[in-house]
Structure formats: structure tokens, C-alpha cells
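Encoded as C-alpha cells, the structure appears first; notes follow it.
Here is the naming used below: chain letters follow the sequence lines, and residue numbers restart at 1 for every chain.
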Amino acid sequence: MPQYQVVKGARDIFPDEIVRWHYVEGVVHRLALLYGYSEIRTPVFEYTELFQRSIGATTDIVGKEMFSFLPDPQGRSITLRPEMTAGVMRAVLQKNLLSTAPVHKLFYLSELFRKERPQAGRQRQFSQFGAELLGVSSPAAVAEVITFMMQVFETLGIRGLKLRINTLGDSSDRARYREVLRDYLTPFYDRLDLASRERFEKNPLRILDSKNPDMQEIIAGAPRLHDSLSSEAVADFEKVRFYLDSRRIAYDIDYRLVRGLDYYCHTAFEVTSPELGAQDAIGGGGRYDGLAKELGSSGEVPASGFAAGMERVLITMEKQGLFAALSPPGPKVYVVAQQQGLLDHAMQVAYRLRSEGISTEVDLAGRSMKAQMRDANRMRACFALFIGEDEVVSGAYALKNLVTADQTSQSLDAVIELINQYSGKEPES
RNA sequence: GUGAUUGUAGCUCAGUUGGUUAGAGCGCCAGGUUGUGGCCCUGGAGGUCGGGGGUUCGAGUCCCCUCAUUCACCCCA
């Protein structure tokens, strides 16, 4: 057992896996461009109050999952970001971005940190890609965000995902409902579990998504938020459904979908993957028109957004066999030195090839030809170029096609020409 | 934070009721083939049995502690 190991809940990503990340990231970038979203990068840490204010002091994330520390004894506490929306909103407000154009569409691909016990599909450092649509308050905006997210999943080839949506109404709807819910729950107070009692005062809505079996009976009989909604909120939700229906995006309505973060209003949504085990949310999001005000903005900044868990996407794709054809690219040419004394010459030839834009490998360790050939094979090089005494004297190099095993002897210029013309497939393995 | 689970070679795992020098497959390295890979054959390297303590004539096997892993609860991506 090595003395040093990765920090609990973090992991290393090696080259054979990184190709998968590049693939997914490429799809995200491509579709972001297609939908008109530009990338934003914000710092990995923010002042702690930002998260307390935006995510909500009563949430689990703020209550027990943040990595917070003091940069210096007199400094303000700072926190490794547990989610992206707060930081993006802070950046947008700080720069007064909405003054340059009324609508901004941003996407990101970032690392987040949450101090949870790791388990399948859950890490302490993890990555999300997501988007924020700022400046538009409408069902059309949430619908676009959902569409964007679902198209990413679809483009990646992921199957069997389930989209659930709900509406939380606006703040006055929720205030009204909070009272209705409290009135209903009061007679059951003695039967509520500890977590639910804590939420009773501050955020009774979140009692509804408790998974405690003992609570289910009580929850099942609760009045629905839906029945407390204003007609505007109902119409808003109907409109979102209309957009999803017209784009043939399948979904279920889940009246109990509340989501953990306090800043959501109106539409909230979540996508689950059948491949994930207990932590099965692969993406989620919603609308949060009130967040900017909460952060002290004088003007309104209505917003919608989604976030998807990169690792969970990767797990799902792996289980569905969507990476079968993916492997790290091999070099075009492997320069094989007949004996160690010819390494200098081999390196010189390699540099020449590289200067011609041809990816080239040389065995710097000076191993046997057999080892070099095995290496070339393993790396799935297309060609082997042999450097022996004959070649050095004659200037004619033996070039072997490692797929067909054809071999010719040519000047270096002719070899470069041949390689550049070659467009055949890489060796199978 | 709570519960359970598993730690033996680089990887996946065997290891009988405690009993000599702890094994296999794959991978790695070398040779067979001194200018040519994949396949095959032969050989080799590589292990404080997670760590510490205890019981015992004797511990990879039993007990205690500890660290780590994984899964689940909670919650979320």
C-alpha cells in the first residue's frame, strides 16, 4: 500500500479515461455553440456568505457539506464551491453584465466540492456541466434550458433517462402553501422525524421529498402545492409543458419534486439514469428569478439553468457501452533504432517527422528492437520506420505499414510523402 | 455523521478445521527469432498478506484497535 493516496472522495483520471472526458466535453461545447451559450469560468472558491445566502442556510449543502476555511486569521471565511449557479450569478452581477445586453446565455464545465461520504456516483470533488440563461423570465427560457440538456444526453446516445418536472409557483404561492402545509402537518407533529421537525418552521416544503418510509403516509395525504398556485403560475407551467410536448420531450409530472436548493421558483426538473444506483440524478435545474435579489441586486435578474453530473454521465455511458470505440490515439510513426548507438540518429529523424506534422514516437530507453516493435504495436502506431546502419549510410529508410505488414525502402522525403498520403485506418489492436 | 462490506503481486482473485520456502490468470521484462510487432513456447522480476497489538510452539487464517475501500442511509449532479 503506497504511503500517499488520493484524498477521500477525489480521484485521478488517466489517459485511457481522459479520452471519454474529451468526447463528452466536445459534445457539450458543440451544442452550446449551437444553442448560443458562451463559456464562463469562475473561481473555485467564493466567500462563504455567498453560498449561505443563495443556496439557503437550512439546506444540507450549506449546513454540513461545505469545505470552508479561513485564508488568514483576520480574513473572511471562504468556501470551495459546492455548486455553480451562485458564483455565476455573483460574477454577472459584479460585472453588471446585463447592462451590455438584456439576455446572457452562459455554460460551464467545472469542478465542485461537497464534503459528503463518497458512494457510487458521488464524490467529494466532482464535475458538472451546465448552463445559465439570464435576463429572461418566461416558460420559454426554462423550456430551452431543458431542451438543451436533453439534447446533450441524446447526442451522447444515452438511453432510458427519465425527466421529471414540477412547478413551485412564485414566492407568494409558496408562502400561501407553506401555511396550508403547516396547518395540515400540525396534528402529525409528534409523528414527524427529527429532520422534518427542523424543516417544519423554516422550510416545510422539503418535508415532502423525505424518503423516510415512516413519513410516507403523512406525506401522501398532504395538500398539493399545485392547489395553492395562482392562475398565472398554473398557466406558466402549462406553457412549459406545451414547449416540451411540441419538442417531443417525454416527462413525468412529480408533484413532490422540490429540490434541495432554496432559490428555485416555478419550474423545477430532474433527470434520473437507470444505471446509477442510489444516487441516480444525472441532471437537474429550474428557474430562479429571485436569486439576484437575494444576493442584493437592485434590479431583477430572472434566470433558468441546469446542471448535469459529469461523472454520472460517464458512468451511465460506460454501462451502456457508449465508449466501446474510444481509445487514446497512437502515434503515426514509431521510429525503431536497430541498436542503442543509433538512438541519436533515430531522434533526429523523429524530430524531422514531427516538424512535418507527423506524430512520432521513439524509444528513448534504448531497448531491443523486439521491445520497440511490441511498443509500437501496443501504441497502435501506423508505421514503423527502421533506423539501421544501412539506412544511415544509404539514406534510404525502411518503412513498414504495421497493419498490412508491407515494407518499402525510400529516402526520408519520400517516406514523409508516403505517410502524409496514408489515410488508412489505425490498427485494430 | 450513522450502518454494513472488503483489504493477499501492477490488475482480477485463490489460499481447505491455524502447520514448512504464499499461489493462479492477465499484465510487465527477457530469450526462442544477434534488422522486424501481434500468435506460440520458455524463463524472470515483482508480495512488510492494509497497519499496530494480542492469543499460540506456530497467524494470510483467531481476537482487539486503527487506517483505507466499497455500498447504503441522509442528501444531491
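Judged by closest nucleotide on RNA chain B, A/Asn401 is the one of A/Asn401 and A/Gly277 placed further toward the 5' end. Along RNA chain B, the nucleotide closest to A/Gln339 and the one closest to A/Arg114 are compared, and the more 5′ of them pairs with A/Gln339.
Here the CZ-CD1 distance, from A/Arg20 to A/Ile18, works out to 11.5 Å after rounding to the nearest 0.5 Å. In this structure, the separation between CZ on A/Phe126 and CD on A/Glu116 is 7.0 Å, given to the nearest 0.5 Å.
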Check nucleotides 42-47 of chain B against the protein and report each pair of N or O atoms closer than 3.5 Å, with its distance, or say if there are none.
none

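Under 3.5 Å, the side chain of A/Gln5 and the base of B/rG50 form no donor-acceptor pair of N or O atoms. One can find a donor-acceptor pair under 3.5 Å joining the base of B/rC74 and the side-chain atoms of A/Arg122. Counting atom types as modelled, A/Glu116 pairs no side-chain N or O with a base atom of B/rC74 as donor and acceptor under 3.5 Å. At a cut-off of 3.5 angstrom, counting only N and O atoms as typed in the model, there is a donor on one side and an acceptor on the other between the side-chain of A/Lys370 and the base of B/rG32.
As a whole-Å value, the separation of A/Glu389 CD from B/rU36 C1' is 16 Å. The distance between atom CE of A/Met369 and atom P of B/rG32, rounded to the nearest whole Å, is 14 Å.
In RNA chain B, stems built from 3 or more consecutive Watson-Crick or G-U wobble pairs, each with both distances under 3.5 Å, span B:1-4 with B:70-73, B:10-13 with B:23-26, B:28-32 with B:40-44, B:50-54 with B:62-66.
Across B/rU17 and B/rG53, the matching C1' atoms stand 26 Å from one another, rounded to whole Å. Distance noted for atom C1' between B/rU2 and B/rG19: 41 Å (whole Å). B/rG38 sits 12 Å from B/rA30 when the P atoms are compared, rounded to a whole Å. B/rC28 and B/rU70 are spaced 27 Å apart, taking the P atom of each and rounding to whole Å. For the C1' atoms, the distance from B/rC49 to B/rU6 is 14 Å, rounded to whole Å.
The side chain of A/Arg378 contributes an N or O atom lying less than 4.0 Å from OP1 or OP2 of B/rC29. Applying the 4.0 Å criterion to OP1 and OP2 of B/rC29, one finds that A/Arg374 has a side-chain N or O inside that range. OP1 and OP2 of B/rU36 both lie 4.0 Å or more from every side-chain N or O belonging to A/Gln407. When the side-chain nitrogen and oxygen atoms of A/Gln119 are compared with OP1 and OP2 of B/rU70, none of them lie within a distance under 4.0 Å. For A/Lys8, a side-chain nitrogen or oxygen approaches OP1 or OP2 of B/rU69 to under 4.0 Å. For the OP1/OP2 pair of B/rA77 and a distance below 4.0 Å, the side-chain nitrogens and oxygens of A/Gln128 include no atom meeting the criterion.
Here B/rG31 is the nucleotide among B/rC71, B/rG35, B/rG31 with the atom lying nearest to any side-chain atom of A/Ser368. In the set B/rG1, B/rC74, B/rU36, the nucleotide with an atom closest to the side chain of A/Arg117 is B/rG1. Of the candidate nucleotides B/rC73, B/rG35, B/rA77, B/rG35 has the atom nearest to the side chain of A/Gln338.
Looking at heavy atoms from C-beta onward, A/Ser54 lies in side-chain contact with A/Leu291 at the 4.5 angstrom threshold. Looking only at side-chain heavy atoms (C-beta outward), A/Ile249 and A/Tyr243 stay at 4.5 Å or farther from each other. Proximity of A/Phe306 to A/Ile146: side-chain heavy atoms (C-beta onward) are nowhere separated by under 4.5 Å. Looking at A/Val271 and A/Met149, their side chains come closer than 4.5 Å, going by heavy atoms from C-beta outward.
Without hydrogens or angle criteria, A/Asp363 side chain to A/Gln372 main chain gives no donor-acceptor distance under 3.5 Å. A donor-acceptor pair under 3.5 Å is absent between the side-chain atoms of A/Glu46 and the main chain of A/Thr79, judged by distance alone. The backbone N or O of A/Ala398 lies less than 3.5 Å from no partner atom in the side chain of A/Gln407, so there is not a single donor-acceptor pair.
Stacking is found between A/Phe126 and the pyrimidine-like six-membered ring of the B/rA77 base under the 5.5 Å centre-distance and 30° plane-angle cut-offs.
Taking the ring axis of A/Tyr351 as reference, the NZ or CZ atom of A/Arg354 stays within 45° of it and closer than 6.0 Å to the ring centre.
Exactly one residue among A/Glu144, A/His29, A/His104, A/Lys105 makes a side chain to side chain donor-acceptor pair (under 3.5 Å) with A/Tyr37. That residue is A/Glu144.
Using a 4.0 Å heavy-atom distance criterion, A/Glu111 is classed as making no nucleic acid contact. Across all strands, A/Asp390 comes closer than 4.0 Å to base atoms (heavy-atom distances). Within the 4.0 angstrom heavy-atom criterion, no nucleotide atom of any strand lies near A/Gly130. Contacts of A/Ala120 with the nucleic acid, taken as non-hydrogen atoms under 4.0 Å apart, involve only primed sugar atoms and P, OP1 or OP2. Residue A/Ala405 is classed as a base contact, given a heavy-atom separation below 4.0 Å to a base.
A donor-acceptor pair shorter than 3.5 Å cannot be found between the side chains of A/Glu389 and A/Gln338.
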